[in-house]
Amino acid sequence: MEYDFRLIENKWRQKWAELGTYKVTEDPNKEKFYVLDMFPYPSGAGLHVGHPLGYIASDIYARYKRLQGFNVLHPMGYDSFGLPAEQYAIQTGQHPAITTEENIARYRTQLDKIGFCYDWSREVRTSSPEYYKWTQWIFKQLFNAWYNPMSNKAEHIDTLIAIFEKNGSSGIDSKILTGDIEKEVLPFTAEEWKNFDDKKKFDILMYFRLAYLGESFVNWCPALGTVLANDEIVNGVSERGGHPVERKRMKQWSMRITAYAQRLLDGLETIDWTESIKETQRNWIGRSEGASVRFPLIGHDKQIEVFTTRPDTIFGVSFVTLAPEHELVGTITTEEQRDEVQAYIQKTKARSERERQADVNTISGVFTGAFVKHPFTGKSIPVWTGDYVLVGYGTGAVMAVPAHDERDFKFAKHFGLDRTQVIIPTHDFNCDEAAWTEKEGTLMNSDFLNGLSVKEAVKKAIQEIEKAKVGSGKVNYRLRDAVFSRQRYWGEPFPVYYKDEVPYLVDDQHLPIELPEVDKYLPTEDGEPPLARAEKSAWNYAEGDRMEFNTMPGWAGSSWYFLRYMDPKNENEFVSKGKVDYWKNVDLYIGGSEHATGHLLYARFWTKFLFDQGYIPFEEPFQKMINQGMILGKSAIAFIDSEGKMHSYDLISDDLTSYRETRILIDYINDDESINLDALRNWQPQFEKMTYVTNSQGKVIVKREVDKMSKRWFNVVTPDDLCEKFGADTLRMYEMFLGPLEQSKPWDTKGITGVHGFLKKYWRLFHLNGNFEVNDAEPTKDALKTLHKTIKKLRDDLDRFSFNTGVSSFMICVNELTDQKCNNRHILEQLTILMAPYAPHITEEIWSKLGYAEGSLSDASYPIFNEAHLVESAYNYPVSFNGKMRFVLNLSLDLSIEQIQEQVMANPDTIKWLEGKTPKKFIIVPGKIINMVM
RNA sequence: GCGGAUGUGGUGAAAUUGGUAGACACGCCAGACUUAGGAUCUGGUGCCGAGAGGUGUGCGGGUUCGAGUCCCUCCAUCCGCACCA
């Protein structure tokens, strides 16, 4: 009887669906385990072999946990709002919902072929109104909340109002009262607060809300016609499409993620993620300790506030530099300097972020004509503006200490500015040539800091700054608030309407605000977002003068989806308390590392917020995370000369650049890297009449190059083809067999036959004489040994997420059992349970043939996954002396290390060999080797 | 520049706390069975050497009875951040 994987896999796919095998419900008698994949954006291109890699790993782990007896939540859904569907809509006029629906259907078909144990009854889609109703609801909670630095958590805005009513602005810690608000309205007394009109109160509260409408510098991408968050920009261009981005001051919805900067940092210590992702997040949050210092402007009643990490160098300040965008630049520039400064600002503005980043070595700047007073020496200090100071970091102003900061040094040198050395270097160092930037040395020229070490001076300087009331110690973060508006159609509408340009929230009972129909998916002629095209009647709710025309960014829906899986159909709550208390946070999260500063940060932020609000009992969404590597494609490149002839790659000895490179669909490449010319001729017209210069075997060889797997490189391998040819079980095991999950690697289909052959061999174990047959005799000692070795190895492998070595263990086991001609029921049954997570279809088939109820293998727990079960079988322990192997003892595997030691010492061979001496050290590696050091 | 990760045969890789390096698989070589083989099975396969033997985990040192594994220096590749004050 042949291993007919098509028949078997179709059969079980249907059975599982019929039996509802993978449906789970809350069960207080069982321990929960939550295994989650990062849900995909359903793109038009469908799945390639890289996509399921992580899904297979999580599926194996989820099944393993089920077999161990856990109640496993393992859901799947779609992150279905996004740009590609919208761009397709712009081109074709087809509603993005239709495209999305089609793509989801295709994804589902592809996913189903692989045999995942998802509970599909819990599917969520971020673009469905039933789902985004709750995204809108969470937005409302964020709008109605502020971050109370005294209690260190988010609270309802009412508690802030209560504070203002009682104590005015002095009721809250002064440290959070920075930025624009300070200048406009602060401070105010309780009495003044009560007398403010509603508009003014509203405006003040807007400075505190966690979701707020505010004017700030944002990344505007003209080509995409929308603003972007910092994580959506890579090297100064948009992540999608690579379009230039410029900084623009705009009124936008933002999320006050900065309020959570410290907790986002601290939380990293409590979760089990790779060091590299944690480090990326730490980098992104960018905590630095220092001080903020105010320099009073001479001739104005204003002051310039700077942030510095080196308050110890305060006596070395020789000028102050403002970012060109700094709002004081216009105010303080003197008449004589005005033209020059204006020209400089214009020049800076004209340069894109990318250009500005590209030439960081060019020094530019202009003197503003203004001076500030040094807070301690009272000396006049010139104020410059220069684009090496970034408006988005700190206060957008720096105190320049050329002697001890490299950029300040270059700037000073370039413009011939003064330089005051205030630190004596610890070793020979030429302070005329470079800045001494080490945080070591002794202070000089620094009044009360003289003689102190840098470390002491930092402390002392902050004390003195605070004493003189010219500033304070401060922690600064690189993290910026996240822009939350997008000028796009295909996203969540805001639950917001405007009356007299004041935003109001829509009542809960009117949620969701559904996406209205529009005639075109483009911005309006006067630059309003696409939603401005909608007639008032097209909205399912309309109030005030107009609705909010922006939509939410892609990360809105994905910041809380893992909660919705727990209670996907709940119409009254985003998730019920009972369900979230049972399932809690995700125990194992598998997905790519590319979301380090996007999704993974935002999801942590929202989770902390919902925790503060008392809706959920945990602060970190994803306890353990594994980042699967990317599967790359091997493109096939052919070379065409200037006459249009294609040359075999092995014939080309001259310069490759004189040839035109063409990528060939990899389906047409044979195992020996030659092109299937007949297929190629039929592929594209250009190849039909082409002349081919073949090698001595009459073949045209291609060059292989590793690229991202993508349609445009013609190097895509789909899981569908492989399922068709080898079956899902083979595909699952092969993807795991490829290597460590975390590593990126090029896809190579060649090795798949090895895994396929293994499954056939496993199948044959049960069909020694052509028919299904197992014997019920006592298992042999050898077979037991093989089995128990495999159990132990496999459990160890799974517990440390080493899925590749797990496959190898099975291969070794099956090879050994084949050699032993073992067809013992007990042994094969146990092996089948072990293999079930990896190869669910074939094992279910065998299981039912062994006489068990259909589907019971996937839906029960088995003791071999819980107890070691390593009994009566024995291991050969080589016993060695100082590294040289001396003899072999046969010892039972279930002995403790102490028992092994006892038995070895009691063994006649040992006694004879030791001749009365006692070993100094006794090294036992369980299952491997015993070593005695004399 | 700062931070993170990786480096083992022709290839993907294993070696879990330091304990027989290269398991397992691909590929390759030889053979068996076959009309045939992209089927199945058997044997071989790190490198040098006919052999005994020597040698071997990016380079160079160190600790140890023993190092792919621990420590130090350097090199290479990949990723993240980067005028962050």
Side-chain angles (χ1 to χ4, degrees), chain A residues 2 234-235 274-284 286-288 290 306-311 313 320-321 323 356-357 359-364 386-390 392-401 404-408 410-411 437 476-480 593-594 596-597 627 629-630 670-671 725 733-734 737-740 742-755 757-758 760-761 764 792-793 796-797 799-800 802 804-815 818 878 880-885 920-921 923-934:
Chain A
E2 281 293 297
V234 180
N235 296 327
T274 62
E275 205 39 52
S276 88
I277 293 240
K278 288 202 216 176
E279 202 52 38
T280 303
Q281 291 209 344
R282 284 190 200 109
N283 250 323
W284 190 258
R287 179 191 155 104
S288 51
V306 304
F307 173 74
T308 179
T309 54
R310 298 296 302 275
T313 62
V320 165
T321 314
R356 193 164 155 174
Q357 275 179 25
D359 53 26
V360 294
N361 292 321
T362 320
I363 296 154
S364 72
D387 69 359
Y388 82 95
V389 179
L390 305 172
Y393 185 76
T395 58
V398 301
M399 56 174 230
V401 185
H404 305 291
D405 181 277
E406 218 177 296
R407 293 145 310 172
D408 296 344
K410 280 190 197 157
F411 196 86
T437 57
N476 194 55
Y477 299 93
R478 201 185 75 100
L479 184 71
R480 302 288 85 206
S593 55
E594 67 273 18
T597 54
N627 308 109
M630 206 193 307
N670 303 317
D671 280 354
K725 220 165 160 184
M733 292 195 110
Y734 184 56
F737 184 70
L738 274 178
E742 293 94 332
Q743 242 165 63
S744 288
K745 53 231 159 189
W747 178 266
D748 189 350
T749 304
K750 273 183 196 160
I752 202 168
T753 52
V755 174
F758 150 74
K760 284 193 205 166
K761 213 165 170 178
R764 244 179 281 131
K792 184 177 183 339
K793 182 76 167 64
D796 288 352
D797 288 343
D799 288 340
R800 65 194 168 100
S802 178
N804 53 329
T805 53
V807 179
S808 298
S809 313
F810 291 128
M811 291 183 173
I812 295 166
C813 180
V814 167
N815 283 346
T818 304
S880 70
F881 166 67
N882 280 2
K884 294 261 193 278
M885 206 226 284
K920 255 200 279 183
K921 241 169 146 186
I923 301 157
I924 300 168
V925 183
K928 267 206 158 168
I929 195 162
I930 297 165
N931 186 59
M932 279 176 260
V933 179
M934 303 308 289

Counting heavy atoms from C-beta on, name the nucleotide in [options] closest to the side chain of [X].
{"X": "A:P740", "options": "B:A13, B:U40, B:C81", "result": "B:A13"}
{"X": "A:D796", "options": "B:A13, B:U16, B:C26", "result": "B:U16"}
{"X": "A:T753", "options": "B:C26, B:A85, B:C41", "result": "B:C26"}
{"X": "A:K760", "options": "B:C83, B:A23, B:U40", "result": "B:U40"}
{"X": "A:R407", "options": "B:C24, B:C83, B:G38", "result": "B:C83"}
{"X": "A:D387", "options": "B:A85, B:A39, B:C83", "result": "B:C83"}
{"X": "A:K793", "options": "B:C83, B:U16, B:A5", "result": "B:U16"}
{"X": "A:N815", "options": "B:C41, B:C24, B:G80", "result": "B:C24"}
{"X": "A:S276", "options": "B:G80, B:A14, B:G4", "result": "B:G4"}

* Measure the CZ-CZ distance between A:R287 and A:R282 for me, rounded to the nearest 0.5 Å. => 12.5 Å
* How long is the gap from OG1 on A:T818 to NZ on A:K761, to the nearest 0.5 Å? -> 5.0 Å
Does a nitrogen or oxygen in the side chain of [X] sit under 4.0 Å from OP1 or OP2 of [N]?
{"X": "A:K278", "N": "B:G4", "answer": "no"}
{"X": "A:R800", "N": "B:A15", "answer": "yes"}
{"X": "A:Q743", "N": "B:A13", "answer": "yes"}
{"X": "A:N476", "N": "B:C84", "answer": "no"}
{"X": "A:R478", "N": "B:A82", "answer": "yes"}
{"X": "A:R764", "N": "B:C41", "answer": "yes"}
{"X": "A:T805", "N": "B:U16", "answer": "no"}

[Y] side chain reached by [X] side chain, heavy atoms, under 4.5 Å:
{"X": "A:I752", "Y": "A:F737", "result": "no"}
{"X": "A:V814", "Y": "A:M811", "result": "no"}
{"X": "A:V401", "Y": "A:R310", "result": "no"}

Pick base, sugar-phosphate or nothing for [X], based on heavy-atom distances below 4.0 Å to the nucleic acid.
{"X": "A:V401", "value": "nothing"}
{"X": "A:L738", "value": "sugar-phosphate"}
{"X": "A:S802", "value": "nothing"}

* Begin from the C-alpha positions of A:D796 and A:K792 and carry the test salt bridge (Lys or Arg N to Asp or Glu O under 4.0 Å) through to its verdict. => CA-CA 6 Å; A:D796 288 352; A:K792 184 177 183 339; 3.5 Å; yes
Identify the nucleotide, in any strand shown, that forms a Watson-Crick or G-U wobble pair with [N], with both distances under 3.5 Å; if there is none, say none.
{"N": "B:G66", "value": "none"}
{"N": "B:G60", "value": "B:C72"}
{"N": "B:A13", "value": "none"}
{"N": "B:G27", "value": "B:U45"}
{"N": "B:A52", "value": "none"}
{"N": "B:G38", "value": "none"}
{"N": "B:A5", "value": "B:U77"}

